[in-house]
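Would you mind keeping the following structure in view while I ask a few things?
Residue numbers start from 1 in every chain, and the chains themselves are labelled A, B, ... in the order their sequence lines are given, proteins ahead of strands. Just so it is clear, the values below take in all heavy atoms, side chains as well, and ignore hydrogens, waters and symmetry mates.
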There are 2 protein chains.
Amino acid sequence: MATTTRRTERRTDALSRARIVEAAIEILDADGESALTFRALAARLATGSGAIYWHVANKSELLAAATDDVVARALGGAASEADPEQEVRTLALRIFDAIDAHPWVGSQLAREPLQLAMQQILEAIGQRLESFGTPDRALFDAASALTNYIVGVAGQNAANARLHVHDEGRTAFLEQVATRWTDLDAEQHPFLSKVAPQLADHDDREQFLAGVDLILAGIRTPH
Amino acid sequence: MATTTRRTERRTDALSRARIVEAAIEILDADGESALTFRALAARLATGSGAIYWHVANKSELLAAATDDVVARALGGAASEADPEQEVRTLALRIFDAIDAHPWVGSQLAREPLQLAMQQILEAIGQRLESFGTPDRALFDAASALTNYIVGVAGQNAANARLHVHDEGRTAFLEQVATRWTDLDAEQHPFLSKVAPQLADHDDREQFLAGVDLILAGIRTPH
DNA sequence: ACCTGAACACCGTTCAAGT
DNA sequence: ACCTGAACACCGTTCAAGT
């Protein structure tokens, strides 16, 4: 026959878990966490909201799946470098950048327990740490510490992104916090008032990496 | 007059921001984040849901206020010890324990940007770090790293608590994750499968402190 | 100034009914 | 087996009306 339509090739608009998760990610990226509703998702997929429940148990599972997807993509094909410490650094930056591009992943990571996405990160970090020559117990603690740090920053970044969608207002916000800190009573808040000028011109990515380096230095330290 | 009722002393059931926040904390502690609704809050305060809006702008502000309260209490009157490093440790543990007692604070901290509660923590940590002799710039980075780490752990703990309300099921959950890790393909997940046995008997609080010590060691390291 | 509570515009989720 | 879409049981928030 001339027009062969293979059975395995369904219509493009056929519903599937993968297509649902993909659409969810698009909505989350475009309009943020609050925009992801089953109604919006159903509309985008040109179906009824109930249809989604055939492929996905509920919203929390959908969010977890979307997060797993993004994290897997960020971690995928992580090129191995000569220096294992450098590997941890680039790995951490990959996750940072992924969360920067998809802020909702940050909130999700911060509120999910030992779910797939967290496991992926922990495994990736742990693998790179193996060659440090740390004893097993300390190694688990070290990998956990790094993962928790990364997830913590992720949550804060997501919160920032939620506050001023799409960068404009970000510097305005930082300046506002900076003046708030400057105006604080130096007696009661010596640290914040001293550090206020640094806030305006600091780079989130650099500060994130500085924290990673701090923890790495700690891991290197004997005992 | 015999029965003097001072004007400033209102009826016990008079609404006020403080009383609203207090009631909110009680609900959050007793039944978790999902139980805090304006209707439930209004019922507990024996008033209409709209009345709450006279004292509080919206739910997010209410959650922030509740979080600030708990954090302030946890940080309040932090006794100063001889060793500044030990001070950081006990400070971190205070926050950890507060979040353990009020898991919802963990989720809240992880999703709020540079709000009051985060500022309080950053200030408290930063103050203790001052005496380490770190240069200003590195000091800001160090305090941020510690705060982000603490907040990251907080979020994870809150997630765990949400999963198995009130401890029962916690060990069951850990064991379940442990077997999941054990069953993983050791080729693809060498770290998790190696570390699985440690999961069941590890202590969250100890591991948290190990992470704090790791960062402290990193801060002590020159350059 | 402060409180009441019905009403509005949403949610996630379910489910009988369809194909 | 999979989809439809109305219906249910909720939400946060607003607001006219009261005191």
Side-chain angles (χ1 to χ4, degrees), chain A residues 5-28 30-67 104 107-108 111-112 159 162-163, chain B residues 5-28 30-67 104 107-108 111-112 159 162-163:
Chain A
T5 32
R6 270 168 282 152
R7 296 253 172 81
T8 47
E9 250 179 15
R10 307 288 299 276
R11 300 191 324 286
T12 324
D13 58 324
L15 220 48
S16 72
R17 195 184 149 93
R19 253 175 55 73
I20 291 171
V21 171
E22 183 193 356
I25 292 176
E26 284 167 13
I27 293 176
L28 288 163
D31 300 305
E33 303 168 57
S34 64
L36 182 66
T37 67
F38 276 79
R39 275 165 247 261
L41 197 52
R44 176 180 273 256
L45 293 165
T47 183
S49 57
I52 297 165
Y53 282 91
W54 184 262
H55 304 272
V56 157
N58 50 43
K59 188 171 184 180
S60 130
E61 192 195 287
L62 178 58
L63 276 167
T67 305
W104 51 274
S107 338
Q108 193 51 27
R111 54 187 11 259
E112 237 184 325
R162 212 179 306 121
L163 216 63
Chain B
T5 33
R6 269 170 281 151
R7 296 252 173 84
T8 47
E9 249 179 14
R10 309 287 300 274
R11 301 190 325 285
T12 324
D13 58 325
L15 220 47
S16 72
R17 196 184 149 93
R19 254 175 53 76
I20 291 171
V21 171
E22 184 193 356
I25 292 176
E26 284 167 14
I27 292 176
L28 287 163
D31 299 307
E33 302 168 59
S34 63
L36 182 65
T37 67
F38 276 79
R39 275 164 247 261
L41 197 52
R44 175 179 273 256
L45 292 165
T47 182
S49 56
I52 297 166
Y53 282 90
W54 184 261
H55 303 272
V56 155
N58 50 43
K59 188 172 184 179
S60 129
E61 193 196 287
L62 177 59
L63 276 166
T67 305
W104 52 272
S107 338
Q108 193 51 27
R111 53 187 11 260
E112 235 184 326
R162 212 180 305 122
L163 216 61

The salt bridge (charged side-chain N to carboxylate O under 4.0 Å, His left out) partners of B:Glu26 (sequence neighbours excluded) come to B:Arg44
OG1 (A:Thr37) and CG (A:Asp31) are apart, to the nearest 0.5 Å, by 10.5 Å
CD (B:Gln108) and CH2 (B:Trp104) are apart, to the nearest 0.5 Å, by 8.0 Å
Interatomic distance, CD1@A:Ile20 vs CG@A:Leu15, rounded to 0.5 Å, equals 4.0 Å
Interatomic distance, CD1@A:Ile27 vs OG@A:Ser34, rounded to 0.5 Å, equals 11.0 Å
Residue pairs meeting ring-ring contact (aromatic ring centres under 6.0 Å, His included), one or both in residues 36-59 of chain B, sequence neighbours left out, come to B:Phe38-B:Tyr53
Residues pairing under salt bridge (Lys or Arg N to Asp or Glu O under 4.0 Å) where one sits in residues 45-59 of chain B, two or more places apart or in two chains, turn out to be none
Sorted by number, residues from residues 33-42 of chain B placing a heavy atom under 4.0 Å from DNA chain D are B:Leu36, B:Thr37, B:Phe38, B:Arg39
Per the 3.5 Å Watson-Crick/G-U criterion and a run length of at least three, the stems involving DNA chain C are C:4-8 with D:12-16, C:12-16 with D:4-8
Given the options A:Ile52, A:Val56, A:Leu62, A:Arg17 meets side chain to side chain contact (heavy atoms under 4.5 Å, CB included) only with A:Val56
Rounding to 0.5 Å, atoms CG (A:Leu41) and CZ (A:Arg39) come to a distance of 12.0 Å
task = Before giving the answer on side chain to side chain donor-acceptor pair (under 3.5 Å), spell out for A:Ser107 and A:Glu33 the whole-Å C-alpha distance, their side-chain angles and the decisive distance to 0.1 Å.
result = CA-CA 9 Å; A:Ser107 338; A:Glu33 303 168 57; 2.9 Å; yes
Within residues 52-66 of chain A, the residues having a heavy atom closer than 4.0 Å to DNA chain C are A:Tyr53, A:Asn58, A:Lys59
Rounded to whole Å, the CZ-P distance (B:Arg19 to C:dC3) equals 10 Å
Winner on side-chain proximity to B:Ser49, out of C:dC3, D:dT14, C:dT13, is D:dT14
